[in-house]
Number of protein chains: 4
Amino acid sequence: MTDADVKARGKREETKASNRQAIIDAARRVFAELGYGATTVRDIIRATDLASGTFYNYFKSKEEVYQALQDETALRVRPRLRAERIRARTFEAFISGSFHTFFDFVRHDEDTFATMRQKQDNFHVRIDTPEVLAGFDELRVDLEAAIQSGVMPDTDPDLLMASMVGVAFEIAGQLVQRKDLSVDDAAAFATALFLGGVQALPRRRR
Amino acid sequence: MTDADVKARGKREETKASNRQAIIDAARRVFAELGYGATTVRDIIRATDLASGTFYNYFKSKEEVYQALQDETALRVRPRLRAERIRARTFEAFISGSFHTFFDFVRHDEDTFATMRQKQDNFHVRIDTPEVLAGFDELRVDLEAAIQSGVMPDTDPDLLMASMVGVAFEIAGQLVQRKDLSVDDAAAFATALFLGGVQALPRRRR
Amino acid sequence: MTDADVKARGKREETKASNRQAIIDAARRVFAELGYGATTVRDIIRATDLASGTFYNYFKSKEEVYQALQDETALRVRPRLRAERIRARTFEAFISGSFHTFFDFVRHDEDTFATMRQKQDNFHVRIDTPEVLAGFDELRVDLEAAIQSGVMPDTDPDLLMASMVGVAFEIAGQLVQRKDLSVDDAAAFATALFLGGVQALPRRRR
Amino acid sequence: MTDADVKARGKREETKASNRQAIIDAARRVFAELGYGATTVRDIIRATDLASGTFYNYFKSKEEVYQALQDETALRVRPRLRAERIRARTFEAFISGSFHTFFDFVRHDEDTFATMRQKQDNFHVRIDTPEVLAGFDELRVDLEAAIQSGVMPDTDPDLLMASMVGVAFEIAGQLVQRKDLSVDDAAAFATALFLGGVQALPRRRR
DNA sequence: CATGAATGAGAGTTCATTCAT
DNA sequence: GATGAATGAACTCTCATTCAT
């Protein structure tokens, strides 16, 4: 029995049909290192103990693994953000909680965040999958509810959502680059910006 | 003399030594249509009257054309932004002018902007080239100068720059999607957010 | 117990040990639809309730299933042709009976015939398996016997057999294409051709 | 300069853009040896001095080379058959000339004929490309003209064409297998069959 | 400098077949 | 004997890049 046999047998017993997870994990590592565009299906397979054909038992393309990867991430982050916003009794708690939770995730799961915001060929690339976009939409809905309930002024929720998203991702980028920047400071900055800014925002014409 | 010869000659006389420009123009069209990731050097050449070998007299790769393309764009946009900020006597003029100029560009040059923010494989992708990043840096420098001169409070210029960039691009995305959103309204929203927000921002610890 | 289990069990009880037949039947359908060349073992398995590994308990390759399929067909057709020829008291009965029986089979079992004569990649393909070739040989033997018994002139039995086979398959093709062509007319045509022609055929040099 | 270089240079000067022919020739050899179904594009390339990519500069698939191959053959054979039939003043000349020409081609160009009628996996396979089918059609048209001009009886031209084709190919098969069978004897047999048979054929109902 | 056919590495994918359960 | 996931050789095809003309 060769080395490979031993490894294969161990692997099979250990992971059963959940090679799926092995592929996703390998994909996360490879995407983070090479960037989405430069990554090939073969790269992902190579980062795995599996044979090339096995990949296609689980996914049709690198797009599909990427989706699965992001879905997994979204499943971890979105509920936390959601809970934070629902728990919020004030607008300040709403904003502060959102940014804090997001920046916390970015700091502690930088590998996954790297997959969203990549530096490749000297380019910065940001990729939003449907799951991520759905997360944005969720924020917009909550903002609308907040407007309804009167805890925040009646301003354009699409633009406000877009602004929060833009600030969140751009500052997250800083968080990854600047080790001296703390999650708390980043969250404090973004929170102050929106708390102060929202008061000044143009009211909607009804 | 074949058809192709005739076409080639016409093109050659017309554009003289500026095949470089022909390639860049073709690239802009192709990137906008196919997206950066999906575009191949072949695609760019095909959108040209030139032969494949000719490409390599001017560029080493699609990355390089992309850079050139963005440089060109930056050369058109950055000076305008710069001028706006330098002319500004007040903080309001600084912010308002910046957003207005940028959104104006986005609305009127959507093809180029599409090259920065693409929908491919159902994903939204944003790409920042070095030139674009340099534009961000320029903004940061101007913010620092504004802080020095006292027209704006002493807050973290990196985070402020990041926030402005995030808001600018995210709202620009809305501008492209929502035809009912005017450049003025978009600029008014972003301006109000920052004018109001900046007052509330944490002061730097010196 | 999963859905698949239920289906599998039903099938199992129904067909008992004759998975072999299930595979052959699936193969007949798939070959008729996709053509021999384009069909894969996977395709055949998929058209079955069985698992891929099970295939190999019964057949080694698609060639082998194809053989089994043709054997089955030959077992149905050859005895009929044989009986017809043996019963024949005259040369006319010999020829007429042969063509009539064959064309009758073609008209009423077009699915199986389609497996012999396929249109794939815009090409017409005809495949003769060993069983079919054995049928040709049987005809040759009978022709030789007929020559011996004096009911037909002494001509080259190989060439005569080849001619009959060629005419039979080519007209069978017309039969499948032209719905207005009746089995009787087709048989009458072929019979007349050979009855008239054989008289004129060169006698063998002994 | 390596051996390969020398060969490549010689090749290039010698064949210019007509690698096309080199591919077709290689294809003829490979198809004859492996059979159409079993042949892969790679097999064809391997039988060539060319690189894999070069194949795709000339053909899109093995289907396309096969077509080109058959077209080439048809271009050689069809005009000869046509000329023979047009020159024919009697029905005997028409039939005799056709078979003689065809069998002559088969005997002297067995490699090409092998490509139409192959023995693979113990199967006999016959492939008719559109070009070949067009040749059949041409025969049918000429038969119709012969009927019009009264040199032959008014019978179903489709069935007669089919019969001639069937006999021609089936006897051609014998010709390749049996070295003792001469082109003349084969042609004499087929001619006699049709000359004698046609007189007996059922007349068309008008 | 322009041309465009040739190149060949390598990506994506399929599929016959094995084998632990 | 049935199962079906794993395997990996092998195939199709693309594409950046070179280089003789």
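Chain naming here is simple, since letters A, B, ... match the order of the sequence lines and numbering starts at 1 in each.
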Testing E:dA2, E:dG12, F:dT7 for proximity to the side chain of A:Y56, the answer is E:dG12
A:D49 CG to F:dT7 P, in whole Å, measures 9 Å
When rounded to the nearest 0.5 Å, the distance separating CZ of A:F55 from CD1 of A:I23 is 6.0 Å
Taken to the nearest whole Å, CD1/D:I45 to P/F:dC11 is 10 Å
Within 45° cone and under 6.0 Å: C:K62 NZ/CZ vs C:Y36 ring: yes
Checklist entry - Hey, is the side chain of C:S52 pairing donor to acceptor with the base of E:dA16 inside 3.5 Å? => result no
Taken to the nearest whole Å, CG/B:L50 to C1'/E:dG4 is 12 Å
*With distance as the sole criterion, do the side chain of A:R42 and the base of E:dG10 form a donor-acceptor contact below 3.5 Å?*
no
Rounded to whole Å, CG of B:D43 lies from C1' of F:dT14 at a distance of 11 Å
From CZ of B:R20 across to C1' of E:dC1 the rounded distance in Å is 16 Å
The answer to which of A:S61 and C:G53 contacts DNA chain E further toward the 5' end, by nearest nucleotide, is A:S61
Of the candidates F:dA2, E:dC1, E:dG8, the side chain of B:Y58 sits closest to E:dC1
D:I44 CD1 to F:dC11 P, in whole Å, measures 12 Å
Separation between OG1 (D:T40) and CG (D:D43), nearest 0.5 Å, reads 3.0 Å
Regarding A:R46, tell me which of base, sugar-phosphate or nothing describes its non-hydrogen contacts under 4.0 Å with the strands shown.
sugar-phosphate
From the candidates E:dT3, E:dA5, F:dA2, the one with an atom nearest any side-chain atom of C:N19 is F:dA2
- Item | Flag for D:T129-D:E131: side-chain donor and acceptor within less than 3.5 Å | no
*Would you find more than 12 non-hydrogen atoms of other residues, nucleotides or ligands less than 6.0 Å from B:E33 atom CD?*
no
Whichever of D:A51 and B:A51 has the more 5' nearest nucleotide on DNA chain E, that residue is B:A51
Base-paired stretches in DNA chain F with three or more consecutive Watson-Crick or G-U pairs, both distances under 3.5 Å, amount to E:2-21 with F:2-21
Atom CD1 of A:I23 and atom P of E:dG12 are separated, to the nearest Å, by 14 Å
So what does A:T40 touch, heavy atoms closer than 4.0 Å: a base, only the sugar-phosphate, or nothing? sugar-phosphate
| message | Under a plain distance cut-off of 3.5 Å, with no hydrogens placed, do D:D25 and D:Q21 share a side-chain donor-acceptor pair? | response | yes
Sorted by position of nearest nucleotide on DNA chain F, 5' first, the leading residue of B:K60 and C:F55 is C:F55
dist D:Y56:OH -> D:E64:CD (nearest 0.5 Å) comes out at 11.0 Å
Regarding the side chain of D:N57, the nearest nucleotide among E:dT7, E:dA2, F:dT7 is E:dT7
Value for CD (A:Q67) from CD1 (A:I24), rounded to nearest 0.5 Å, stands at 11.5 Å
In whole angstroms, the gap separating C1' of E:dT13 from NZ of A:K62 amounts to 16 Å
